[in-house]
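Notes to accompany the following structure.
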Amino acid sequence: MESLFLLIIIYMILVLASSQIPPGSPVINGPKVIVLNSKITLTCTSARGDPPPTVKWFKDDTEITNGVSTTTAGTAVTTSFTFIATKDYHLEVVECQAENGELQNPLSTAKTIEVHFSPESPVLTGPTTLTPGQQGIWTCVSANGYPAGVMSMPNENKNTAEFTSNSVLDQKSYDVTGTLTWSPVIVNNGDTICCDVTHTTTSTTPQTVCRKITVSQPIAINAPVNQYTPTLQTTVTLQCDVTQGTASQIIWIKDNIQLNIGTNSRFTGGTVATESLTITNVQQSDGGNYVCRGIDAVTGNIVNTDTINVNPVGTPPITSIPQPSYTQISGQQIILGCTVNSPNSPLQEVQWTFTNNQGQTDPISISNSNGKYSGSSVNSPSLTINSVASTDQGVYSCKARNSVGTSTNNPTTSLTVTGSVPVVQINPSTYTPTYGSQVVINCKIVSASPAATQVYWQRSSNNQILRIDNGDQGYQGSTTSTPSLTINFVKTANAGVYTCFATNAVGTGTSNLGTVTVTGGLLSVFVNPQNQIVKNGNQQRITCTVRGTPSAQNIAWLFTAAGSSQKTQLNTANSQKYSLGTTQDPFLTVLNFQPSDAGTYVCRATNAAGSTSSNPGFTLLDITVPTTYVEPRQYTATVGDASFQIQCLVTATPGATSWYWTFQPVGGSQQTIAQGTNDNQYIVDNSGTNPYLTVKSIALNEAGIYTCYATNSAGTSDGANNPSSRHTLTVTGGGLDITVSRSTYSAIAGDSIVTILCNINGTPPAIAWDWTKTSITGGNSEIISQGTNNARRQVVSSATKPNLNIYSITENDEGIYRCRASNGKQQYISDPITLKVQEASLRKVPGEPQTKSALEVKEGRTVMLTCSSTGGNPAPSVVWLKDGLLISTGSNSSIVGNVTTTTLTFVTTSHDNLEVYECQADNDFLQRPLVKTTYLHFSPSNKPPGQPIITGSQRYDLGDTVTLSCSSTGGNPIPTVNWLRDDNVITTGISRFSGSEVTRITLTFVAGLEDHLEVFECQAHNDYLQNPLASTTYIELYFAPRVPTLTGPSTLISGSSGKWTCSSANGYPAPTLSMRIQDRQYTNEITVLQSYDIIDKSYTVAGTLNLVPSIDKTGQDLCCDVIYLFGNNDPQSTCLQLTINDEDEDNIIIYVVIGILAMLVLFVVLLVVMIRYRIGREKGKDNSNSKYVSQQAAISNQQDTTDNSTHRDRDRDNEGLDSNRREMHVYNTSQDNVEYSHYSTIPADHVFVDPNHTHPSILKQNSTNLQQDTTYLEPEHYILLTLDNVYLEPDQTYFQPISGNSMTSTT
C-alpha cells in the first residue's frame, strides 16, 4: 500500500505539472496612421501564461533592444517599442514573440509598418495657348507619396468630366498621374487649370499647381491692294494687315522665294509690329508676285494673303533735234539728227512724222519706203533720207516710246531742198535670162537738173562689186542716150544685183536695184548623208541630189578608199556590190559592206553646161561589234588562294570604249563588276584590248560564271550567248561558309522557344561549333558552348545545322548572336543575328505583304522592288526570294512606325524577263510565312495570269466550317489555280469555276486544332512566267483553355497569410483570369502573368493571390474565374471552401485535450501497476529461490561457454531469476546496435517478449505474469518460460547502456 500511496502522490504532481499555462498569443496595438518623422509606440501584449511569458520585438530576425520597455499587469505582459517613423521603417515588418517555455516554439505575430508621407510638389504640364475648339491635354504628376494622394484638376474651381487619374506603386511610394483632356472655347480665355493633390493623412491643405490658359482666335491676314505699278526709283509700300489673332512671325515671299529683308537695305517692315513691306528706290528687278505670310502664334499654322503683283514702270522718253533746219541739194542724202533720253525704261520705238508745204502730216514708214528712208530705230533714232527730192521739203518731228509711254515734247526741224541729182529708175527690177541668151536691163533717167553727163552700172554678186562701163566686153549701152545695159551672152557669172548710176553737176543719182537670175548652167550636186558609220555586212544607201537646168545627162560615182588620196570611178555595173538609181533619181547602195568599202563617195552630174561633183563627198566608216574571248575558260581554285586572274581579249573596230564583267554566283543573282573596279574583292584592268579581271582572296561565295563584255559605237558584245566570253570558276576546300537565313528575330517575353538557324557548308567539314552572344549596346561576348543542352538553351549537335534553341524567353535573351565553326584549320563566324525581345504582350499576326503585282522594266536597268507588312507583334521579318532562295545582296529593311519595309535593288539581266520574285513576311506567330509575289516583264503582254486574290474570313471558332476562295483574272492560256498547305497541293474539299476570264477555286473544311495559325497558299500558273504567282491567307482559331487548376490552403488560422495559385492553360486567345471570395473580387492583391507557347500556339494564364483572410470568411468559397472571348462567355470556375480558425481558441482546445489525455494515461498506468503488484506478491511466496538460482546458473554457464556464438552479444535468458536477487553482467556489444537501443527502464505497458518466441508447451492460458499475445523481448531471443513465476517487475531497470561497447544487465 505504501507504493500505492507513493504512486498517487506522483500522479498528483504530474497533474499539477500539466496545469502550467502556455503564453497567450501576442497582440500588437499601435496607431492606425503613422506619419513620417512622428514618434510611434507599438505595444505587444501576451494576455496570459504560467509562468509569465517573455515578450520581445524582432526586425529582420534580430531582436530589437533600443526603445523597448516591458510592463506586467496581472497575467498580461506588455512590451512597448518606441521609434521615430523615418522612411527606413516604411513597409518594414516587425515581429513580436511571446514564450514561457511551455511550447516548443514562441508564439509570434507581425506588423507591417506603413509610414505615411506627403508626395513631392505636383508637376503640371500642358499647353498655355490654344485656339477655340483646339483640344488640349494637361498632365499632372504627383510623385513619391504614401499612400496614394487624391488628385483633381478643376478649371476655374469647377471639376471637369474629362479628367482621369491613376496611381502606380513604385517601390515603396505611389506616383499619381492625372490627365485632363479638354477643348476650351473663347469664353475660357484667361481661365486657370489647377492640379490639387490631397493627402489627408499627412496634411489638411492640398498641394496645388496651376496654369493659366489663353484662348485666342486663329490668325487672319489680308492684303487690301493686290496690284502695284510703282515708278522706277520711287518708293512703294505693299500693304499687309493681321486682322485677327496674333502672329508670331511675318514673312514676305516673292516669286515663291522667301525674302531676306534684313540683308536688303532697300526693304523695311515685314515684322509683327509692321506687317507691310516698304521698297525704296524701286528697281525693275522688284517686279513680281508677292505673298505676305503670317505664322499663328498659338497654333503655328501658316496663313497667306492673296498674291500681290508689283509691276514697276519708268518715265516716258525725251527727244531732241540738234538743228532747227536743214538744207540739201535734190538727189543727195541727208540725215536729220534726233537724240532720245530714256533713263529708266528700255526704248521700244522711234517714230518720225512729215508735214509737207500743204500742211498734210503723215508718219514716215521705213519698211514701206522702198529704201527712201533709213534709221528711225531705237538704235539709230536719226532719220536718213537717202535721195532728197523737192517733195521732201517740209517740217519733220521726232517722237519716241518706251514701256511707260510716248515722249511729249516732240521737237521739230525743217528741210529745204535745192537743185537735184538725176533720178534714175530700173524697171522692171527682176530679170531671169536663160544661160547663153541675151538680156537688156532697162534704165531710165527720170529727171536731172542739170542734165546727166555720165551713166555706168554696178553688179553685186558673192559680196563682190563689179563696175560696168560703156565698151566693156560682153556689154552694150550704159550711155546718157542709152542708159540701159545689154548682156550679149548670159552666163552664170552674170547673175547678181545691178544698179544704174547717172551723174550731173549736182551729183550722182542711184537707181533702185535690179536682180538678174540666170537659169540653167552647171548643176548643183549634193550627197546625203555626208558621213556614216556602217556595220560590217550591212548595206548603205547614198542619196545624190541634183539641182539646176538644163537637166543632168549623166550621173557617175567616184570613190577614194580610206587612207588613200587616189580617186577612181566606181564600176557600178557590179550588181552584186552596188545598186544604182536613175538620172532623174540618182542614188548608190553599197551592198554587203566590207572594210574595203570604207572611204569617200562623190556624185558627179553632167549637163550641157558641164560636169559638177558633190563637195564634200559621202564618207563611210566600217565598224564591228566587239567580240570577247576569255582565257582560261574554267579554273578550280581553293579557298584562301590570294588571287586568280581571268584574261579577256577584245576585238573591235573601232576599239572598245567601255567594258565590264558580270558574275553569276552559284544559286544567287547576277552581279555587275563595273569598269574601273578596284576594291578588296575585284580589280578590272583599265584596258580596251584586255580588261582582265583579278579575283582576290578566294572564298566559296566567289564560285560561279564570270562573263566579259566590251562596248563600242557598233554595240556591246554578246557575252550571254558566246561561250568564249564566259569563265567558270570552281572553289573547293579550305574553308567553311556559314550562312544565316535571317538577320533579325523577334520574340515576346514569356515565349516558350526561339530557334535561330545556322547552316554550315564547306570542306573539310566543321569539327567544332558554338555560338556567341553580345549585348546590343556592346560589351563582352558570352560563349554558348557546343553540347549545351539545359532548361534555357540548346545547341543542336549537327556539323551542318547547329541551330540554337532558346527556351522560356526573357528580356535578358535580347542581344546579337553569331554562329561559329572550325574545321581544324581556321575558325569562321557568321554575320550578326539580332534577337529583339519585347515586353510581355499579346502576339499579333503580321499584315499581308504588299507589293506591285507586276513591273515593266528594261534589260540592264536598275530595278527597285519594295515589299511592306503593316503591324504584327513582334515586328515581322520581310525578305525577298527568287526560285525559292533568299536574296541578301541589295536587300535593305527598315521599320517606320508599325510598317516593316524591305527594298531589293538590282540591275536586270536577260534572265529577269518573266521572272517571279516572292516576298515573305514572318514573325514566327503563324506556322509559315505569309507570301505575295510579283514578276518582271520587258514588254507588255496579256499572257501572264492575274495575281491570285483570296477572299474569306480568317477568324473562326474550333469546329466551324472554313470556306476560302481564290481567283485569278486573265492569262493566256487560262491558268491552273491550286490551294497548297505546307507546299503540298490540297485535293479534298475543292471546287472549281472558270468563266468570264476568271478562274476560281474554293476550299472548304472543318477547322481543327491542327489548322490553328496555319497558312494556306493559293498559286496561279500557266507556264508563261518562270514560276507560279502566289498569295497567302491564314486561319486563326478561338478555343477554350483547359479547366483551371486552383492550389492553396483551405484551412488557416485567423491573421495568417495564404497563397493561392490558379492556372488556365492551352487557350486562344489569352483568357481573362480573376479570383474572388464569394462575390468579393480581389484585383489589387492578385498578380496575373501570361505566357505564349510557340509550339502549341496557345496561351497559359496564371494568377497568384496573396491574402490574409479574416475570420468572417470561414465557410466561404475562394474561386478562380476564367473568361474567354467567344461562345457564351460563361466563365470557367474552380473553387475551394475556406475554414478560418481563431488562434487563441485553437490553443486552448489543444491544451485541454493534452491535459485530458495525460490524466487518462496516468490513470490506466496506475491501475495496471496495482493489479500486477498484487498478483506478483502472491505467487512469489510459493516458489523456491534455489530453483531460480540453479536454473539461472545453468543458463548463464551455457551462454558464457559458447564462444563465437551468434548470440554472444545478445540478451541473456532471464528464466528463473529471483525477484529479490540482483546480478550484474557486462556484455561486449556495439554501441549503435539497434537490438539493444531500447533496453532501459521498462514501463508497465512495454512489450518484452515476442509471442512467436514463447514456448507453447509450458504456457498456460491463465498465466499471471507473461501473456502469450504480448511481446516482451526482441525476436530471435528464445527463452524458456516457467508457469506461475514472476520474472519482471514494472518500473525496474534490467538492461541499460553504459559507456563504450558494453551493456549492463541488472537482474
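Side-chain contact check for Q594 and N592: at least one donor-acceptor pair (N or O, by modelled atom type) lies under 3.5 Å. Between the side chains of S579 and T589, not a single donor N or O lies within less than 3.5 Å of an accepting N or O. Side-chain contact of N488 with Q438: a donor-acceptor pair under 3.5 Å is present, judged by distance alone. At a cut-off of 3.5 Å, with distance as the only test, a side-chain donor of D718 or N721 sits close to an acceptor on the other residue. A side-chain donor from one of D883 and N1027 sits under 3.5 Å from a side-chain acceptor of the other. With 3.5 Å as the limit, one finds a donor-acceptor pair spanning the side chains of H1021 and D1023.
Y917 and W880 have perpendicular rings, their planes meeting at more than 60° on a 0 to 90° scale where under 30° would count as parallel.
Looking at heavy atoms from C-beta onward, K491 lies in side-chain contact with F489 at the 4.5 angstrom threshold. Two residues are said to be in side-chain contact when any heavy atoms from C-beta on lie closer than 4.5 Å; C603 and W557 meet this criterion. Contact annotation: the side chain of T515 never approaches that of Y431 to less than 4.5 Å [non-hydrogen atoms, C-beta and beyond]. Using a 4.5 Å heavy-atom cutoff, the side chains of P483 and S478 are not in contact. In this structure, T862 and T905 have side chains that are in contact, with non-hydrogen atoms separated by less than 4.5 Å. Side-chain contact between W661 and V684: present, with at least one pair of heavy atoms (C-beta onward) separated by less than 4.5 Å. Here the side chains of D597 and K577 are in contact, with some heavy-atom distance below 4.5 Å. Counting heavy atoms from C-beta on, the side chains of W457 and T499 never come closer than 4.5 Å.
In this structure a side-chain-to-backbone donor-acceptor pair under 3.5 Å is present from T851 to T866. Although no hydrogens or angles enter the test, the distance criterion places no donor-acceptor pair under 3.5 Å between the side chain of K882 and the main chain of E918. Within the 3.5 Å criterion, the main-chain N or O of T434 finds a donor-acceptor partner in the side chain of S437. Formation of a donor-acceptor pair under 3.5 Å by the T612 side chain with backbone atoms of L523 is found in this model. Looking only at distances, no side-chain donor or acceptor of T503 sits under 3.5 Å from a matching main-chain atom of T508. The backbone N or O of N536 sits nowhere less than 3.5 Å from a side-chain atom of T624 that would complete a donor-acceptor pair. When atom types are taken as modelled, the side chain of S941 and the backbone of K943 share a donor-acceptor pair closer than 3.5 angstrom. Judged by distance alone, with hydrogens and angles left aside, the side-chain atoms of N712 form a donor-acceptor pair with the main-chain N or O of P654 at under 3.5 Å. Between the side chain of D679 and the main chain of Y682, a donor-acceptor pair closer than 3.5 Å is present. Panel note: side chain D685, backbone Y692; no donor-acceptor pair is recorded below 3.5 Å.
Annotation for D255: atom CG counts as buried by contact number, over 12 foreign heavy atoms lying within 6.0 Å. For R467, the CZ atom is densely surrounded, since the number of other residues' heavy atoms within 6.0 Å is greater than 12. Under a cut-off of 6.0 angstrom, the local environment of CG in N574 is crowded, with over 12 non-hydrogen atoms contributed by other residues, nucleotides or ligands. Enclosure of atom CD in Q464 is not indicated, since only 12 or fewer non-hydrogen atoms of other residues, nucleotides or ligands lie within 6.0 angstrom. For R633, the CZ atom counts as densely surrounded, since its 6.0 Å shell holds more than 12 non-hydrogen atoms of other residues, nucleotides or ligands.
Nearest heavy-atom pair across P626 and S717 is O-CB, 3.1 Å. Residues W659 and G688 share a closest heavy-atom pair of CZ3-CA, 3.4 Å. The shortest non-hydrogen separation linking L591 to S575 is CD1-O, 3.6 Å. Nearest heavy-atom pair, G509 versus V424, reported as atom, atom and distance to 0.1 Å: O-CG2, 3.8 Å. The shortest heavy-atom contact between A714 and I623 is CB-CD1, 3.4 Å. Among all heavy-atom pairs drawn from T909 and F938, the shortest one is O-CZ, 3.3 Å.
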Could you go through the side-chain contact (heavy atoms from CB on, under 4.5 Å) check for R604 and Q569 one step at a time?
CA-CA 10 Å; R604 184 174 65 188; Q569 183 170 336; 3.4 Å; yes
Pair Y498, I468 - check side-chain contact (heavy atoms from CB on, under 4.5 Å), show working.
CA-CA 10 Å; Y498 288 79; I468 303 171; 3.8 Å; yes
Could you go through the side-chain contact (heavy atoms from CB on, under 4.5 Å) check for S697 and N680 one step at a time?
CA-CA 8 Å; S697 302; N680 293 331; over 6 Å; no
CA sep, side-chain torsions, deciding dist, call: D912, K858, salt bridge (Lys or Arg N to Asp or Glu O under 4.0 Å)
CA-CA 9 Å; D912 284 316; K858 299 295 183 184; over 6 Å; no
side-chain contact (heavy atoms from CB on, under 4.5 Å) assessment of I426 paired with I441:
CA-CA 7 Å; I426 295 177; I441 307 172; 4.1 Å; yes
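F559 meets the ring pair (Phe, Tyr, Trp, His ring centres under 6.0 Å) test with Y601; sequence neighbours excluded.
Distance check, rounded to the nearest 0.5 Å: OH of Y935 to CG of N913 gives 10.5 Å. Distance check, rounded to the nearest 0.5 Å: OG1 of T694 to CD of Q645 gives 4.0 Å. If you take OG1 on T902 and CG on L865, they are separated by 11.5 Å, rounding to the nearest 0.5 Å. Atom SG of C708 is separated from atom CZ of R726 by 12.5 Å, given to the nearest 0.5 angstrom. L693 contributes atom CG, which lies 9.0 Å from atom CZ of F644 (distance to the nearest 0.5 angstrom). The structure places OH of Y635 at 13.0 Å from CD of E631, a figure rounded to the nearest 0.5 Å.
Comment: D641 does not engage K696 in a salt bridge, judged by the lack of any side-chain N to carboxylate O separation of less than 4.0 angstrom.
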